[in-house]
S.K.: 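The following block contains the structure, expressed as structure tokens.
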Amino acid sequence: MLQIAIGIILGCCALGAGMAMIAGIGPGIGEGNAVAKACEAIGRQPESKGAVTSTMLMGCAIAETTGLYALVIAILLIFVAPNMLVDILLTVAPIA
Amino acid sequence: MDRNSRLFKAVDAMLIALMLVPILVAIVLKVLFTPVGEGISITGARIYFTIPMPLQDLPITEAQINSWLVMISIFALCLFLTHGLSVKKPLKRQLIIEWAVEKVQAMVNGSMGLTFAGFAPFIMTILALSAFSSLLSLFGLFPPTSDINIVGGWAILVFALITYYKFKCGPVEYLKSFAEPIALTPLNVISEIATPLSMAFRHYGNVLSGTVIAVLVTTGLQGLSSLVLGWIPVVGEFPLLQIGLPAILSIYFDVFSGCLQAYIFAMLTMMYVSGAFPAEKYEQRRRLKEQRKKEKKNSIKNKSSNENLEVN
């Protein structure tokens, strides 16, 4: 019984981590758009390449933030949560 | 001082040694404290030792030690680069450091304005510390920037700076800035707290995700090489595919991403700090204060002159 419970905990943590990383779609599309527009801008005005590139990198970094929040949650779910939850389970569960 | 003298060269050698010794110390510490028989794995910062404290034990981790060693290393690097400065015959290293200082000053002046020109050393410090901390993973060491405690500390420092510049117009103006549209007050408070949080998460998440992906690829290559080359008698025992291939990833994740994150952290610091300073209102307040002072002085002068007249 205890083994099944631990298995469910581990499986659900992995599933949750995978589902959290769905948030990676958003920054991917956003950064793609940003880079596409930057390329267009450089094509139109090649002399402003430096300014456009640095602005684009800044924008990409900020757009990445939501994805990184998801990444942090996924990392917590994979590396931290299972140990904590199993410990709680072992202290709570009656020793058969 | 004569540049060809023995003393000059001895000091140079000492500074170079001071640059390299911290890295060696970090490697030795890592070798000493890593448990035997542990392959490639993803771990957080290892706790080297704990200092007993009254409330809770203070753990001294790999990240803290490494970041202090990086600081010593950068300190020696700065001393080395500024050793033997001269106007007439600059050394190569002087030209390098002059170029870097000029670049950073131009960056600060461009994005913060001349009011904040004094911020250039601080920004340079952030850039150097962050970049060198991330580059520490090239030596196989734990990069301090992939620990949220280190980056969180920097973010709190930036948050303190932001709050200091918001307080320049007095506490009333500071509180008023949260209630710009009154309905959005809670959101403004949340976004204020989210600033350091997102800065810390961005930097640490980027560096840590690089480490995680590199470890996954390396272990994957181990399995692949035993699958593909395992049938060869002697050669098959070694994970040959691991040679060289992870280094290509390392160029992106360790070198490019680390330096980019340092640049972004410095850039965001500049933007937030210069954005927090209400320059127009500060000018208005200063002018008002000066006017009041002048009026006071004038009134005192008038009074005294009136009294003098009466006496006469």
Side-chain angles (χ1 to χ4, degrees), chain A residues 10 13-35 38-39 41-42 45 47-87, chain B residues 41-46 103-104 106-108 110-112 127 130 134 145-149 151-152 155 190-191 193-213 215-216 253 256-272 274-275:
Chain A
L10 293 181
C13 282
L15 265 181
M19 268 147 79
M21 283 318 290
I22 293 174
I25 296 173
I29 295 173
E31 280 177 33
N33 274 336
V35 177
C39 286
I42 293 173
Q45 287 176 310
E47 68 275 7
S48 65
K49 190 183 171 192
V52 169
T53 310
S54 62
T55 314
M56 182 201 75
L57 285 177
M58 278 295 300
C60 280
I62 291 171
E64 221 172 40
T65 312
T66 48
L68 285 168
Y69 288 157
L71 177 80
V72 169
I73 288 169
I75 285 173
L76 286 179
L77 274 174
I78 291 175
F79 292 111
V80 182
N83 291 338
M84 265 173 61
L85 291 175
V86 168
D87 281 352
Chain B
S41 64
I42 304 163
T43 52
R46 265 200 192 79
K103 279 274 169 196
V104 172
M107 205 165 87
V108 170
S111 56
M112 286 175 104
L127 270 175
S130 172
S134 298
T145 38
S146 72
D147 189 327
I148 191 155
N149 299 307
V151 189
I190 289 173
S191 76
I193 298 166
T195 304
L197 213 64
S198 75
M199 277 178 92
F201 275 159
R202 185 176 299 120
H203 199 326
Y204 130 93
N206 267 301
V207 180
L208 181 67
S209 66
T211 316
V212 170
I213 292 170
V215 168
L216 285 179
F253 283 120
F256 177 71
S257 183
C259 293
L260 185 68
Q261 287 312 311
Y263 170 72
I264 284 166
F265 196 90
M267 211 55 191
L268 283 176
T269 307
M270 289 193 287
M271 271 172 47
Y272 284 136
S274 63

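Model, not experiment: these values are computed from the prediction. A note on names: the letters A, B, ... follow the listed sequences, proteins ahead of strands, and every chain is numbered from 1.
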S.K.: Rounded to the nearest 0.5 Å, what separates atom CG in L68(A) from atom CZ in R202(B)?
M.R.: 7.5 Å
S.K.: Relative to chain A, which of L197(B), N206(B), L260(B) shows the most heavy atom pairs under 4.5 Å?
M.R.: N206(B)
S.K.: Pick one of side chain, backbone, both or neither for M271(B), based on which atoms fall under 4.5 Å of a heavy atom in chain A.
M.R.: side chain
S.K.: How long is the gap from OG on S111(B) to CE on M58(A), to the nearest 0.5 Å?
M.R.: 9.0 Å
S.K.: Using non-hydrogen atoms and a limit below 4.5 Å, what part of residues 75-86 of chain A faces chain B?
M.R.: I75(A), F79(A)
S.K.: Which bit of L208(B) comes within less than 4.5 Å of chain A, counting heavy atoms only: side chain, backbone, both or neither?
M.R.: side chain
S.K.: Tell me the residues of residues 22-30 of chain A whose non-hydrogen atoms fall below 4.5 Å from those of chain B, in number order.
M.R.: none
S.K.: A20(A): what forms a side-chain contact (heavy atoms from CB on, under 4.5 Å) with it, not counting sequence neighbours?
M.R.: I73(A)
S.K.: Within the structure provided, determine whether M267(B) and L57(A) are in side-chain contact (heavy-atom separation under 4.5 Å).
M.R.: no
S.K.: Provide the closest heavy-atom pair for G205(B) versus L71(A) in the form atom of the first, atom of the second, distance.
M.R.: O-CD2, 3.6 Å
S.K.: Under 4.5 Å, heavy atom to heavy atom, which residues of residues 47-56 of chain A contact chain B?
M.R.: S54(A)
